[in-house]
Structures are given as structure tokens and as C-alpha cells.
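Inspection log for the structure reproduced underneath, given as C-alpha cells.
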Amino acid sequence: MNRRPRAVFFGTPSFAVPILEALGGVAEIAAVVTQPDQPAGRGQNRQPSPVNRRARELGVPVLVPAKLDHEFIYQFNAGKPDLAVLAAYGKILPLAVLAVPPKGFVNVHPSLLPRHRGPSPVAATLLAGDPVTGVTLIVLDEEMDHGPIIAQQTINIGPHEHRPALERRLANLGANVLRQALLPYCHGWLQPQPQNHALATFCKLLKKTEAPLTWKEPADMLERKIRAFDPWPGTHTSFNGRRLKILDAEARAESAANPPGTVIIDDETPTVVCGAGQLRLKSLQLAGQKPTAAVAFAHGHRDFVGAILGS
RNA sequence: CGCGGGAUGGAGCAGUAGCAGCUCGCCGGGCUCAUAAUCCGGAGGUCGGGGGUGCAAAUCCCCCUCCCGCAA
């Protein structure tokens with residue numbers, strides 16, 4: 001193949017945008033497939049996905065199928081794609097769709113496969129406390145995140161990095177990997193290698209019910225949740241009967257006699273006693289209010305220090 | 001019209017009609033070898049904007065702007 005390959009891009013959230021842009025650099029984008037406009041924000045107005053917006057700016061045809069049915073497959077086929085690239089599309093693809101492009105589907109997955117297969121790999125990485133992560137390019141097969149590996153690159157995780165920052169870095173890394181590996185794969189210079197399935201781990205879709213913090217848990221686990229669940233489903237507790245979001249905090253090993261959930265003051269910083277260790281609060285948000293620094297929050301709420309959260 | 005909370009000195013909050021307050025910060029001074037500690041004093045606010053009712057409005061009524069939680 002000497003010409004630029006024709007590719008169809010599947011993706012939805014902002015994570016997929018840099019990857020779409022990178023694809024435009026190495027291939028001819030026949031079309032972009034993304035999720036239909038979803039009700040979002042206050043007022044529940046329907047909003048196009050970030051990938052949809054970017055694709056329009058780039059002047060690329062956009063398909064927003066509600067179902068991946070025969071009509072969609074017909075349209076997909078009509079673009080005569082050599083391959084498809086998929087990054088966080090948000091739906092499982094039927095085999096009939098996977099079978100359309102001759103070179104298959106290349107998936108940009110933000111974890112070091114076979115670790116963290118599934119729909120929430122970045123959150124799972126942070127929850128597990130992994131010191132490193134990365135991006136893996138695979139060829140999709142009939143099982144979830146199971147196909148052979150085209151390329152993989154690794155990055156370190158910052159000691160207190162939250163998911164949005166890590167996701168942005170992984171998106172850029174994914175764009176790089178795609179730029180470097182896609183054409184070699186298309187030309188057959190790069191043979192995909194099977195994953196070591198024995199080492200596979202799996203993650204589940206995040207649920208809103210995981211958002212409330214349980215202070216009996218160890219502080220380091222709670223810090224991981226705060227970093228992994230940012231910005232959704234978020235982490236919160238309750239204070240004076242109102243929902244209190246914990247936006248940022250750091251675990252420390254110190255122990256205290258107070259029961260879990262008690263707010264103590266440590267060197268000016270409000271700190272919550274946990275099942276093991278303590279959580280130094282850095283940024284909080286009371287329902288309906290703006291995010292505030294934890295120190296300032298304690299100044300305004302004189303009964304905060306000494307309170308037992310989550311009760 | 002999806003439901004709901006909010007806007008008060010630099011920051012965070014209290015204050016449902018009767019002189020605009022609290023914690024922190026800031027400025028000046030005391031104490032001190034020194035200090036984020038402590039003591040005394042001080043500056044700083046058209047109470048988001050506009051209209052209305054009242055002898056009197058941060059507070060009650062109407063309109064507007066901006067911010068946020070739930071919900072996805």
C-alpha cells in the first residue's frame with residue numbers, strides 16, 4: 001500500500017480528540033463515528049460529543065448512529081475504509097462491524113495491556129496504585145481488549161496525579177503511538193503480538209454508588225479513590241447533613257485515637273481520621289457552593305474541626 | 001420551562017426589617033534571640049445589578065446577570 005490508508009475513526013470523549021487529530025496526520029479520514037448527542041449539563045440540553053465537534057471543525061463527515069445495524073454497516077462500507085481506529089467510542093462493536101475494514105480495527109487503549117482490560121482503565125490504574133501506566137495499540141478481536149498488541153509505550157504516574165491530568169497525558173501519548181505505529185502496521189512491517197492472557201486483569205464500569213467515602217477505609221485507599229473518581233463519579237461525604245465533595249486530599253500515615261471520620265486540625269490543615277492513617281484535606285466543595293481550599297473552609301465553618309463526617 | 005443551592009470587606013462564612021458581624025489574612029505597635037506563637041490597635045464592604053413596598057430593606061415582592069450541587 002503506497003497511498004495513505006483510508007480510515008474511519010470511532011471515538012467520543014475528549015480523550016479521543018488528540019488521537020483523531022493524530023490519525024488525520026497519517027491517514028485519510030473517510031468518516032468519524034461518534035455517540036449521538038447526549039443531554040448534558042443543567043437544563044439537560046443535548047450536546048454533541050467532543051469528537052463530533054472536532055470532526056466538524058476538521059471538515060470530516062460525522063456519523064452518529066443510534067444503533068450499529070445493517071444500515072450503519074452499509075454507510076460504513078460505503079467509505080471503503082482500509083481500517084478503522086477506535087478510542088473510547090463507548091459501545092461494544094458487533095462482529096459484523098469489526099469485519100468491515102480489511103485491516104481491522106486498531107484500538108488505542110490507555111493502559112498497559114493485558115493489565116486493566118475493560119471500560120475504566122485509567123481509574124483502575126489509579127485505584128490499584130500502579131507506579132507506571134501507558135498506552136497500548138491493539139487489533140480488536142471478538143473479546144474485550146483481548147487482541148494482539150501492535151505497540152505499547154509507558155509513562156510514570158505523578159505521586160498525586162488525578163485522573164483528568166493523567167488522561168490528558170495518555171491521550172497525547174496515544175496520539176504519538178498512533179503516529180509512529182499505524183503506518184508500519186498497515187504496511188505489514190509491524191506484526192501484532194498476542195497478549196499474555198494469563199496476566200490479564202479486568203476493570204468494571206464506574207458507578208455513582210461508589211462516590212460516598214467510607215472513613216473506615218485506609219487513608220491511602222481513600223486518596224486513590226479521590227484521584228481516580230475525579231471528576232466522575234467524584235467522592236463525597238456529608239457534613240451537617242449536606243453533601244461535601246472531597247476534591248483533593250493527601251494520605252499520611254499518622255494515627256489518632258479519634259473515631260474514623262473525625263476532623264482534626266494538623267498544622268492548620270483540616271485532616272480526617274481514617275481506618276488507618278489520616279487524610280489531609282486540600283480542596284472541598286459543599287453542595288451548591290464553589291470549590292474552596294480546605295483551610296479556608298474550616299475558617300468559615302467553625303464547627304468543621306471536631307465534626308464527624310459521613311454520619 | 002428537569003429538581004435544587006448560592007452571590008455579604010482580600011479568602012471562607014453568619015446575619016429573615018431596626019447602627020453590617022465572625023474566623024483567617026493584611027497594616028501598625030507590644031512582648032520576644034526569634035516566630036506561623038501571643039497581646040493591643042487599625043484599615044478595608046455601593047451586602048451581584050435594576051425596580052418596587054415599608055418610617056426603616058442584606059433581610060419582603062418583581063425582573064436581570066453570574067456561579068454551583070443533583071441529574072447524565
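Order of the sequence lines fixes the chain letters, A, B, ..., with proteins taken first and strands second; residue numbering starts at 1 for each chain. Keep in mind that the numbers below use all heavy atoms, side chains included, and drop hydrogens, waters and symmetry copies.
Taking the side chain as every heavy atom from C-beta outward, His109(A) and Arg117(A) never approach each other to under 4.5 Å.
Taking atom CG of residue Leu247(A) and atom P of nucleotide rG69(B), one finds them 9 Å apart after rounding to whole Å. Regarding Asp230(A), its CG atom lies at a distance of 12 Å from the P atom of rG69(B), rounded to whole Å. rC22(B) atom P lies 18 Å from atom CG of Asp303(A), rounded to whole Å. Atom NZ in Lys208(A) sits about 8 Å away from atom C1' in rC70(B), given to the nearest Å. At whole-Å resolution of the value, CD in Gln285(A) and C1' in rG5(B) are 11 Å apart. Look at CZ on Phe304(A): it is 17 Å from P on rC24(B), rounded to the nearest Å. Going from atom CZ of Arg243(A) over to atom C1' of rC3(B) covers 13 Å, rounded to whole Å. Atom P of nucleotide rA72(B) and atom CG of Leu205(A) are separated by 13 Å, given to the nearest angstrom.
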Polar pairs (N or O, both sides) under 3.5 Å between protein and nucleotides 12-14 of chain B?
{"residue": "rG12(B)", "atom": "O2'", "partner": "Ala296(A)", "partner atom": "O", "Å": "2.8"}
{"residue": "rG12(B)", "atom": "N2", "partner": "His299(A)", "partner atom": "O", "Å": "3.4"}
{"residue": "rC13(B)", "atom": "OP1", "partner": "Gln289(A)", "partner atom": "NE2", "Å": "3.3"}
{"residue": "rC13(B)", "atom": "O2'", "partner": "Gly300(A)", "partner atom": "O", "Å": "2.7"}

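Separation of the P atoms belonging to rA58(B) and rU16(B) is 13 Å when rounded to the nearest angstrom. rC22(B) sits 22 Å from rG28(B) when the C1' atoms are compared, rounded to a whole Å.
In the model, His236(A) has no side-chain atom that pairs as donor or acceptor with a side-chain atom of Gln285(A) under 3.5 Å. The closest side-chain donor-acceptor pair between Asp130(A) and His116(A) falls under 3.5 angstrom.
An anti base is found at rG29(B): its glycosidic angle is more than 90° from 0.
Connectivity analysis of hydrophobic side chains (ILVMFWY, heavy atoms under 4.5 Å, direct or indirect) links Leu68(A) to Val8(A), Phe10(A), Val33(A), Leu63(A), Phe72(A), Ile73(A), Phe76(A), Leu86(A), Tyr89(A), Leu93(A), Leu95(A), Val97(A), Leu98(A), Val100(A), Phe105(A), Leu113(A), Ile138(A), Leu140(A), Ile149(A).
Of the residues Lys282(A), Arg280(A), Arg227(A), Gln278(A), the one that meets the side chain to side chain donor-acceptor pair (under 3.5 Å) test with Glu250(A) is Lys282(A).
Atoms CG and OG1, on Leu20(A) and Thr34(A) in that order, are 9.5 Å from each other to the nearest 0.5 Å.
What you find for Ile308(A) and Pro260(A) is that their closest heavy atoms are CG2-O, 4.2 Å.
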